[in-house]
Amino acid sequence: MTAAEAHPDGPRSIEQRRREALERLDRDNDVWVATADADGEPTLVPLAFWWDGGTVWLATRRTNPTGRNLSASGRVRLCFGPTRDVVLMHGTARTLTHEELPAGVGDAFTAKDGWDPRESGPSYVWFQVTPEVVKAWGTVPEMADRDLMRDGEWLVLGD
């Protein structure tokens, strides 16, 4: 897909990109999750997610590299969408066991994805990612104005 096909009317406004980013968070099932260990060794994996309207919920094994990295540092970058219409989120993750999971989160995650991590055993834990930075852009003309959130605050308010 060319840039003209992705956005035939030219660069989108920051308001439109915020609206479309939130639609993507509601609609998409998977996200690329980037973490690093204490030595800086990167890990990049796709995971299912659920957006609760303010935070992103992930589930994975505590013992795999992503689970270990998230538990140790709490730092994460999430990338949603195709490369010509990307939403990039930097955030902080907190770790929760099945028993610590707030009411409704597991059911909502399962309803969206069709997979229930609570049935995959105790090695699976949950991560609630609170966004600190959100950027969205499609092509080079949108890069200059790609910041939608900084320091956990939306730069442009929606409807």
Side-chain angles (χ1 to χ4, degrees), residues 12-83 85-138 146-159:
R12 298 166 294 169
S13 69
I14 194 169
E15 293 84 6
Q16 181 180 356
R17 280 185 276 140
R18 180 183 188 273
R19 185 174 55 254
E20 291 177 3
L22 290 171
E23 289 170 2
R24 177 170 300 290
L25 291 171
D26 282 335
R27 178 185 69 239
D28 287 4
N29 287 328
D30 300 310
V31 60
W32 285 103
V33 179
T35 62
D37 67 16
D39 295 326
E41 182 67 28
T43 298
L44 179 66
V45 298
L47 293 178
F49 77 95
W50 175 62
W51 169 251
D52 68 8
T55 61
V56 174
W57 290 88
L58 308 168
T60 192
R61 287 184 186 96
R62 182 188 300 266
T63 57
N64 69 24
T66 299
R68 287 192 313 266
N69 295 344
L70 285 170
S71 293
S73 75
R75 302 297 302 148
V76 65
R77 289 197 179 166
L78 306 176
C79 191
F80 307 84
T83 57
D85 192 11
V86 68
V87 176
L88 181 65
M89 181 183 292
H90 304 212
T92 303
R94 75 177 180 125
T95 308
L96 297 98
T97 65
H98 298 310
E99 296 76 30
E100 297 168 322
L101 199 62
V105 170
D107 292 340
F109 185 100
T110 301
K112 181 179 181 197
D113 188 65
W115 169 61
D116 189 345
R118 297 169 295 184
E119 296 177 0
S120 293
S123 66
Y124 276 82
V125 292
W126 298 82
F127 298 95
Q128 182 184 23
V129 178
T130 301
E132 296 169 1
V133 173
V134 177
K135 300 173 183 253
W137 69 97
R146 64 186 170 221
D147 290 354
L148 301 179
M149 176 188 282
R150 273 190 227 120
D151 300 321
E153 299 291 328
W154 289 104
L155 301 178
V156 59
L157 299 180
D159 306 331

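These values consider heavy atoms only, across backbone and side chains, with no hydrogens, waters or symmetry-generated copies.
Note that CD of E119 is 9.5 Å distant from NE2 of H98, once rounded to the nearest 0.5 Å. If you take CE on M149 and CE on M89, they are separated by 7.0 Å, rounding to the nearest 0.5 Å. For the atom pair CG of L47 and CZ of F127, the computed distance is 9.5 Å after rounding to the nearest 0.5 Å. Expressed to the nearest 0.5 Å, how far CG of L148 lies from CZ of R19 amounts to 11.5 Å. Distance CG/L25 to CH2/W51: 5.0 Å, rounded to 0.5 Å. Annotation: the span from E100 atom CD to Q128 atom CD amounts to 11.5 Å, rounded to 0.5 Å.
Side chains of T60 and N64: a donor on one and an acceptor on the other come within 3.5 Å. No side-chain N or O of T66 forms a donor-acceptor pair with one of N69 less than 3.5 Å apart. Between W57 and D52, the side chains place a donor N or O and an acceptor N or O closer than 3.5 Å (distance only, hydrogens not considered).
Contact detail for L101 and G106: the closest heavy-atom pair is CD2-N, 3.6 Å. Across A48 and L58, no two heavy atoms sit closer than the pair O-CD2, 3.7 Å. Taking all atoms of both residues into account, the shortest heavy-atom contact from A21 to V87 is CB-CG2, 3.7 Å. Of all the heavy atoms in T43 and V45, the pair that sits closest is CG2-CG1, 4.1 Å. Between P131 and G54, the shortest heavy-atom contact is CD-O, 3.2 Å. Of all the heavy atoms in C79 and V86, the pair that sits closest is SG-CG2, 3.1 Å.
Ring pair F109/F49: centre-to-centre distance not below 6.0 Å. Within the 6.0 Å centre-distance limit, the rings of Y124 and W115 are counted as a close aromatic pair.
Residues V56 and F80 meet the side-chain proximity criterion, which asks for heavy atoms closer than 4.5 Å. Residues L96 and V125 form no side-chain contact, since every pair of their non-hydrogen atoms from C-beta on lies 4.5 Å or further apart. Within the 4.5 Å cutoff, side-chain heavy atoms of V76 are placed close to those of L70. The side-chain heavy atoms of P65 and D37, taken from C-beta on, include no pair separated by under 4.5 Å. The side-chain heavy atoms of V156 and R18, taken from C-beta on, include a pair separated by under 4.5 Å.
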* Where do L88 and W137 land on the side-chain contact (heavy atoms from CB on, under 4.5 Å) test, with the steps shown first? -> CA-CA 9 Å; L88 181 65; W137 69 97; 4.2 Å; yes
* To do: Using the side-chain contact (heavy atoms from CB on, under 4.5 Å) rule, take L44 and W32 through it: C-alpha gap first, then chi angles, then the decisive distance, then the call.
  => CA-CA 7 Å; L44 179 66; W32 285 103; 3.7 Å; yes
* To do: Evaluate side-chain contact (heavy atoms from CB on, under 4.5 Å) for T92 paired with V129, printing each intermediate quantity in order.
  => CA-CA 5 Å; T92 303; V129 178; over 6 Å; no
* Given S13 and Q16, is the side-chain contact (heavy atoms from CB on, under 4.5 Å) satisfied, shown in steps? -> CA-CA 5 Å; S13 69; Q16 181 180 356; 3.4 Å; yes
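Using a 4.0 Å cut-off between a side-chain N of Lys or Arg and a carboxylate O of Asp or Glu, D107 and R118 qualify as a salt bridge. Salt bridge annotation for E132-R75: present, with a cationic side-chain nitrogen under 4.0 angstrom from a carboxylate oxygen. Salt-bridge check for R12 with D85: passed, with a basic side-chain N closer than 4.0 Å to an acidic carboxylate O.
The number of heavy-atom neighbours closer than 6.0 Å to CZ of R24, taken from other residues, nucleotides and ligands shown, is above 12. The number of heavy-atom neighbours closer than 6.0 Å to CZ of R62, taken from other residues, nucleotides and ligands shown, is 12 or below.
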